[in-house]
Every structure is written in C-alpha cells, then in structure tokens.
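Okay, so here's the structure we're looking at.
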Amino acid sequence: INAEYMGTLSECLFFFAGPPRGAMLCLVVELVEARRLRNRDSGRHGDVSDPFARVYCNVSDDGVLQTRCIPDCLNPVWNDMMVFVLNGSPKAGALEVWLLDKDRFLNDDLGHVEIRLDTLVPNQRHDRWYALTFDDGSTQGEVHLRLELK
C-alpha cells in the first residue's frame with residue numbers, strides 16, 4: 001500500500017497516493033475500545049488484565065496487526081486504525097479480532113470475534129459493538145469496531 005506512516009499506530013496519518021496496484025478493495029478497521037473484559041490477572045492491588053488486540057484478515061497478505069497494550073484496564077480505549085489490502089474476494093473473507101491479556105510468558109485469551117466480510121456493504125461505515133466469545137462458547141465483554149470496505 002502506498003502510505004506514509006507518522007507517529008504511533010493510534011496517531012497514524014495515511015497519505016494515500018492512490019489505490020494499490022491489483023487491489024480491488026481495502027478493509028479499514030478502527031479498533032475503538034472494549035468494555036467489561038474478563039480479568040485474567042490476580043486482581044490484588046489493582047492488578048487486572050493488560051489488554052491488547054491482534055487483528056487478522058484471511059484475504060489479505062498484510063499479516064497479523066496488533067494494538068498497543070493498555071496496562072491494568074478492563075475497559076480499554078485504543079482508537080487504532082488498521083488497513084488491510086484485500087487480494088481475494090470479500091465473499092470468502094473474514095476479519096478476526098483477538099483480545100489478549102499481556103503476560104510475561106503466555107498471553108491469556110480475553111475473547112474473540114469473527115466478522116464475515118460479505119456482511120459489509122462496500123463504501124458504508126459499519127459502527128458496532130461485537131460480543132467477545134471464548135473457545136468453550138461462553139461470552140463476556142464486547143469490542144467496538146468501525147469497519148469499511150473501500
């Protein structure tokens with residue numbers, strides 16, 4: 001993608017020099033915030049989860065993108081923007097957002113959401129809270145995303 005990045009991810013300014021060659025669409029993801037996350041830390045002396053997010057799109061070669069960690073917070077605010085250049089059909093695509101608790105040795109799961117790209121209308125901003133699911137099927141917490149196919 002022809003973009004110039006300045007500052008941290010949350011302070012990015014994108015100066016697009018035109019659409020990437022061969023790309024039909026881009027998926028713009030704004031990971032706004034989360035609320036009511038599960039506490040995976042001790043809870044003693046204010047020690048609660050240290051959340052960060054990993055974001056992946058299966059029809060992009062951009063890999064896994066990640067937010068910064070917000071220490072000791074069950075209602076984090078990121079306001080991070082990420083752009084995935086799609087190299088496949090959005091009809092076969094999905095966006096995965098995993099919230100994790102940063103720990104020294106092994107990060108703990110705080111829930112995830114998968115959004116099928118064929119549910120998004122191109123050039124329309126989708127602003128929504130999504131419930132976070134765990135591998136056992138239980139849910140706790142929500143993540144606020146703004147998504148747009150361009």
Side-chain angles (χ1 to χ4, degrees), residues 1 3 5 7-14 20 23-150:
I1 189 164
Y5 299 91
T8 65
L9 182 60
S10 63
E11 301 166 341
C12 278
L13 297 174
F14 293 94
M24 292 174 45
L25 291 172
C26 291
L27 174 63
V28 179
V29 177
E30 186 179 350
L31 203 151
V32 182
E33 61 189 317
R35 63 185 176 197
R36 296 188 298 273
L37 296 179
R38 185 176 286 182
N39 183 19
R40 300 298 296 245
D41 287 346
S42 71
R44 293 189 308 257
H45 309 293
D47 181 31
V48 296
S49 293
D50 309 306
F52 70 99
R54 288 187 177 149
V55 185
Y56 171 74
C57 181
N58 69 338
V59 290
S60 174
D61 292 330
D62 292 318
V64 177
L65 304 181
Q66 183 171 305
T67 67
R68 70 193 182 287
C69 173
I70 299 181
D72 296 319
C73 188
L74 299 178
N75 298 294
V77 177
W78 290 284
N79 288 315
D80 281 352
M81 183 179 290
M82 306 169 184
V83 178
F84 291 93
V85 178
L86 305 185
N87 58 16
S89 170
K91 291 182 181 185
L95 177 74
E96 296 178 30
V97 179
W98 291 82
L99 270 58
L100 299 162
D101 171 31
K102 182 134 181 98
D103 286 324
R104 180 177 286 168
F105 299 109
L106 182 64
N107 297 322
D108 297 314
D109 184 17
L110 295 175
H112 63 274
V113 63
E114 183 174 318
I115 300 137
R116 291 184 19 224
L117 299 187
D118 64 357
T119 64
L120 303 177
V121 178
N123 300 311
Q124 181 177 334
R125 187 173 179 185
H126 301 265
D127 188 338
R128 182 176 159 198
W129 286 91
Y130 294 90
L132 295 168
T133 304
F134 294 85
D135 288 338
D136 65 4
S138 66
T139 62
Q140 181 177 335
E142 297 175 291
V143 63
H144 182 193
L145 302 173
R146 292 185 186 123
L147 308 172
E148 187 172 358
L149 281 171
K150 290 185 171 197

For residues 128-150, which residue pairs pass the ring pair (Phe, Tyr, Trp, His ring centres under 6.0 Å) check, not counting sequence neighbours? Trp129-His144
What are the two closest non-hydrogen atoms of Ala94 and Leu117, and how far apart are they? N-CG, 3.9 Å
Minimal heavy-atom distance between His126 and Thr119, with the atoms involved, is CE1-O, 4.3 Å
With heavy-atom distances below 4.5 Å as the criterion, would you say the side chains of Val29 and Leu65 are in contact? no
Do you know which two heavy atoms are closest between Leu86 and Ser60, and how far apart they sit? CD2-CB, 4.4 Å
Does any N or O in the side chain of Asn75 come within less than 3.5 Å of the main-chain N or O of Arg36, such that one atom is a donor and the other an acceptor? yes
Can you measure from CG (Asp80) to CD (Glu33) and round to the nearest 0.5 angstrom? 12.5 Å
With sequence neighbours left out, the residues meeting side chain to side chain contact (heavy atoms under 4.5 Å, CB included) with Leu99 are Ala34, Leu37, Ala53, Trp78, Val97, Leu110, Leu132, Val143
Between atom CG of Asp72 and atom CG of Asp50, what is the distance when rounded to the nearest 0.5 Å? 5.0 Å
Mind checking salt bridge (charged side-chain N to carboxylate O under 4.0 Å, His left out) for Arg35 and listing every partner two or more places apart, or none if nothing turns up? Glu142
Would you name the heavy atoms of Cys57 and Leu27 that are closest together and state the gap between them? SG-CD2, 4.3 Å
Which residue pairs pass the salt bridge (Lys or Arg N to Asp or Glu O under 4.0 Å) test when at least one of the two sits in residues 83-102, sequence neighbours left out? none
Of all residues at least two apart in sequence or in a different chain, which pass the side chain to side chain donor-acceptor pair (under 3.5 Å) check with Asp136? Ser138
Taking every non-hydrogen atom, the tightest pair across Cys26 and Val83: CB-CG1, 4.1 Å
Reported CG-to-CG distance for the pair Asn123 and Leu25, which is rounded to 0.5 angstrom: 8.0 Å
I'd like to check the salt bridge (charged side-chain N to carboxylate O under 4.0 Å, His left out) partners of Asp127; sequence neighbours left out, ordered by chain and number. Arg146
Can you find a heavy atom in the side chain of Leu74 that is under 4.5 Å from one in the side chain of Ser49? yes
Could you grab the distance from atom CG of Leu31 to atom CZ of Phe52, nearest 0.5 Å is fine? 12.0 Å
Report the residues that fulfil side chain to side chain donor-acceptor pair (under 3.5 Å) with Asp61, sequence neighbours left out, ordered by chain and then residue number. Asn87
Only pairs at least two apart or in different chains count here, so list each side chain to side chain donor-acceptor pair (under 3.5 Å) that has a residue in residues 103-117. Arg116-Asp118
Grab the two heavy atoms, one from Val64 and one from Tyr56, that are nearest each other, plus how far apart they are. CG2-CD1, 4.0 Å
So CD of Glu30 and CZ of Arg125: to nearest 0.5 Å the spacing works out to 5.5 Å
